[in-house]
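Notes follow once the structure below has been shown.
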2 protein chains.
Amino acid sequence: MPRPPARPRLTILDVARDAGVSKTSVSRYFGPERSLLSESMRTRIEASISRLGFYPDRIASSLRGRRTGLIGMLVADMRNPFTVAMIHGAEQACRARGYSLVVCNTDSDDLLEQRHLDVLQGYNVEGLVVNTRGHSVAPLVARFEAGLPMVMVDRHLPGLACDMVGLDNAQAMHLAMTHLAEQGYRKVLMVTPPIPGISSREERTACFESEALLSGLESELFEVDLDNEPARLGERLAGWLDEAPACRGAILTGNGVVNLAVCQALHQLMPAPLERTGLLGIDELEWCALVGPGISTVEQPVGAMGEEAIIRLLTRIEGDAEAPVHRTFEATLNVRGSTARVD
Amino acid sequence: MPRPPARPRLTILDVARDAGVSKTSVSRYFGPERSLLSESMRTRIEASISRLGFYPDRIASSLRGRRTGLIGMLVADMRNPFTVAMIHGAEQACRARGYSLVVCNTDSDDLLEQRHLDVLQGYNVEGLVVNTRGHSVAPLVARFEAGLPMVMVDRHLPGLACDMVGLDNAQAMHLAMTHLAEQGYRKVLMVTPPIPGISSREERTACFESEALLSGLESELFEVDLDNEPARLGERLAGWLDEAPACRGAILTGNGVVNLAVCQALHQLMPAPLERTGLLGIDELEWCALVGPGISTVEQPVGAMGEEAIIRLLTRIEGDAEAPVHRTFEATLNVRGSTARVD
DNA sequence: TCCATTATTGGAACCGTTCCCATTAATTTT
DNA sequence: AAAATTAATGGGAACGGTTCCAATAATGGA
């Protein structure tokens with residue numbers, strides 16, 4: 001970053017001079033000590049401020065004042081609609097409370113995550129919302145233990161003993177599997193992104209197995225890394241389309257991204273794949289109702305989760321030092337044609 | 001924002017003492033004067049930094065140093081996939097050049113836009129990417145004329161004489177309309193979000209009319225405000241589904257958001273609406289291939305546009321004072337079943 | 001009327017860095 | 001060998017605010 005722009009800045013001192021008061025008084029005009037100012041002083045300062053068009057420099061004020069009003073958010077994949085909705089909820093919650101949200105997208109890259117973390121630290125964020133791969137937790141843990149308040153969303157990272165906001169995965173999977181059983185399906189193929197290290201996926205797949213047992217469903221787990229071996233999904237699904245009708249099979253997708261990938265792969269294999277297999281997606285996406293007979297989904301209250309993450313975080317920032325809280329939200333079911341009754 | 005957290009910060013002075021050098025030298029260790037340091041000094045400082053776990057305070061450094069490394073982005077609707085892709089492109093471009101992007105979502109609210117603008121100013125962003133409704137341009141113009149570099153994306157705002165990055169709307173509409181004509185359609189209904197004040201929509205609708213004339217297509221424009229009168233769309237489309245087959249009609253949607261709304265409305269009206277009307281959407285969305293026979297789209301190179309916006313902006317920040325540049329990108333056509341040949 | 005409070009106001013140090021300038025050591029030039 | 005550069009380094013002001021504390025004015029009680 002080369003050459004500086006050299007734009008002269010209007011300072012609190014300019015306002016003070018213009019209003020004929022001390023800079024302390026102008027400082028008080030903003031900030032919590034405002035009530036100390038007399039009526040006349042307040043109007044004088046007010047007038048100068050609007051005449052000059054002054055606005056305070058939050059960066060300078062945070063130096064001595066210690067508060068930046070900045071919340072950092074580290075997300076693994078900004079193009080995931082789930083993440084976007086989460087960001088949106090978090091941003092609204094921040095704004096309503098006078099904070100600003102700085103979002104950093106790691107694109108699931110550990111090195112990038114580290115760099116972003118440094119950047120956010122450098123800007124003295126007051127807290128951090130974390131939603132990453134958790135491949136390299138050590139730097140996060142270090143920051144957390146050094147006193148930086150954090151909240152994890154969707155998943156918790158091993159060794160990071162902070163608050164967490166996520167889905168009640170057991171309830172969600174129960175909802176999904178009982179629905180499939182009720183509709184007459186006999187076998188379920190769960191397609192999930194790579195599981196290791198991501199707690200929400202671990203929980204979902206674990207519950208998948210146990211719920212299958214409870215509901216008397218045959219189960220099969222298919223873990224696929226869409227980034228590195230995109231072809232495998234199509235291959236597996238080609239086989240599945242053959243076996244599914246015979247065994248009354250349904251596919252359960254582990255999140256919105258896989259759900260899309262599965263839809264695309266199925267679509268590529270044959271014209272109307274959902275006549276041969278059931279499909280139930282985790283995460284509600286705006287287009288799910290439009291595809292084929294409509295895709296049934298298990299929906300997370302994402303916006304509310306983003307907001308709750310911020311609420312938790314701000315509570316910590318204000319100094320609450322209770323034991324870490326894990327707050328889960330309930331999923332709801334959207335029944336559509338892709339899980340029509342079979343027999 | 002109440003009580004401060006009172007976490008003691010490690011400063012450049014601590015490092016200096018630990019390494020037995022002056023704080024100036026430590027300061028030089030980061031920053032452009034690094035080459036002045038001798039080899040031995042560099043290693044000594046390096047050692048202290050990693051021993052103490054020090055990282056510099058960018059906020060403090062921006063105070064005297066004038067550079068925050070922050071770029072602000074003001075967007076109207078963060079949940080619009082077009083916007084998300086744009087943000088993603090911009091963020092990557094920023095990161096690659098050592099800047100950080102702070103995104104503010106206005107939810108198309110003028111008051112909120114004003115507040116966000118104040119916030120961004122307060123953080124001393126070095127430049128601003130603007131993609132808003134343009135309902136209240138005055139504050140933006142004021143900031144721009146006060147010397148804050150800006151770049152508009154997708155649309156240009158009246159009175160704001162800054163760079164602009166957007167789609168070549170004439171080319172895009174030409175592509176769309178000639179395709180529809182070639183496929184045998186006779187009448188096109190263009191559905192667009194509210195036009196006034198948004199240049200890209202004005203251009204698209206104007207070109208729509210002129211291209212219709214050129215291609216010998218009958219044209220009709222339908223402007224709908226989805227937020228405030230969501231029912232009107234369904235009503236109009238119900239009528240359209242009746243007339244379309246007779247007049248070989250196709251719908252052209254003005255952007256991705258309307259495209260979704262149109263799909264939803266059509267879907268609600270009858271099982272296979274795309275057998276009765278053609279449909280061509282502006283903006284490529286990941287699900288377009290999956291709905292019905294596949295929805296044809298006119299695609300914008302969104303990521304590239306976001307990146308270009310940042311490149312333009314940084315050029316201005318470095319001091320380039322040329323006349324404002326308008327840079328447009330070419331659209332491409334994705335042909336799918338929704339614009340199959342009719343006769 | 002005098003002293004103790006209370007309500008306002010201002011002065012100056014401080015926050016963590018950068019940057020200007022002075023200083024010292026090393027190297028060249030004459 | 002003395003003078004002039006050049007290369008490294010450090011000291012302290014400055015950046016634009018906040019905050020502690022002292023100072024002054026106004027109020028109230030005895």
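Below, chain A is the first sequence line, B the second, and so on; all start at residue 1. Just so it is clear, the model here is predicted, and its values are computed rather than measured.
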Between [atom2] on [N] and [atom1] on [X], what's the gap in Å once rounded to a whole number?
X: A/Arg34; N: C/dT9; atom1: CZ; atom2: P; value: 13 Å
X: A/Arg42; N: C/dT9; atom1: CZ; atom2: C1'; value: 14 Å
X: B/Asn124; N: D/dC15; atom1: CG; atom2: C1'; value: 11 Å
X: A/Leu36; N: C/dG10; atom1: CG; atom2: P; value: 13 Å
X: A/Tyr123; N: C/dT17; atom1: OH; atom2: C1'; value: 14 Å
X: A/Leu13; N: C/dG10; atom1: CG; atom2: P; value: 12 Å
X: B/Asp57; N: D/dC15; atom1: CG; atom2: C1'; value: 13 Å
X: B/Arg64; N: C/dC21; atom1: CZ; atom2: P; value: 10 Å

Just compare [options] and give me whichever is closest to any side-chain atom of [X].
X: B/Ser22; options: D/dG11, D/dG12, C/dG16; result: D/dG11
X: A/Ile12; options: D/dT19, C/dT9, D/dG17; result: D/dG17
X: B/Leu63; options: D/dG10, D/dG17, C/dG16; result: C/dG16
X: A/Pro56; options: C/dT18, D/dG10, D/dG17; result: D/dG17
X: B/Arg9; options: D/dG16, C/dT17, C/dT9; result: C/dT17
X: A/Thr24; options: D/dT18, C/dG11, D/dG10; result: C/dG11

Any donor-acceptor N/O pair under 3.5 Å between C/dT18 base and B/Lys23 side chain
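Yes, a donor-acceptor pair under 3.5 Å.
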Less than 3.5 Å between a donor and an acceptor, one on the side chain of A/Thr11 and one on the base of D/dG17, is that the case here?
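No, no donor-acceptor pair under 3.5 Å.
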With no hydrogens and no angle check, just 3.5 Å: does a side-chain donor-acceptor pair link A/Gln114 and A/Asp118?
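Per modelled atom types, A/Gln114 and A/Asp118 side chains form a pair under 3.5 Å.
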Between A/Asn105 and A/Asp77, a side-chain donor and acceptor under 3.5 Å:
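Checked: A/Asn105/A/Asp77 side chains show no N/O donor-acceptor pair below 3.5 Å.
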Between A/Arg34 and A/Tyr29, is NZ or CZ placed under 6.0 angstrom from the six-membered ring centre and within 45° of the ring axis?
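Here A/Arg34 passes the 6.0 Å and 45° test against A/Tyr29.
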Geometric cation-pi criterion B/Arg327 and B/Phe329, 6.0 Å radius, 45° cone:
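Here B/Arg327 passes the 6.0 Å and 45° test against B/Phe329.
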Base, sugar-phosphate or nothing for [X]? Non-hydrogen atoms, less than 4.0 Å.
X: A/Phe30; value: nothing
X: A/Val21; value: sugar-phosphate
X: A/Ile59; value: nothing

Heavy-atom count around B/Arg115 CZ within 6.0 Å, excluding the residue itself: above 12?
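Counting neighbours around CZ of B/Arg115, 12 or fewer heavy atoms of other residues, nucleotides or ligands fall under 6.0 Å, so no.
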Compare side-chain N and O positions of [X] against OP1 and OP2 of [N] and report whether any pair is under 4.0 Å apart.
X: A/Ser27; N: D/dT18; value: yes
X: A/Ser38; N: C/dT9; value: yes
X: B/Arg28; N: C/dC19; value: no

So which one's nearest nucleotide on DNA chain D is more toward 5', B/Ser25 or A/Gly31?
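It is B/Ser25, whose closest nucleotide lies nearer the 5' terminus.
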Just by modelled atom types, is the A/Asp109 backbone N or O under 3.5 Å from a matching donor or acceptor in the A/Asp107 side chain?
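No; judged by distance alone, with no hydrogens or angles, the pair does not exist.
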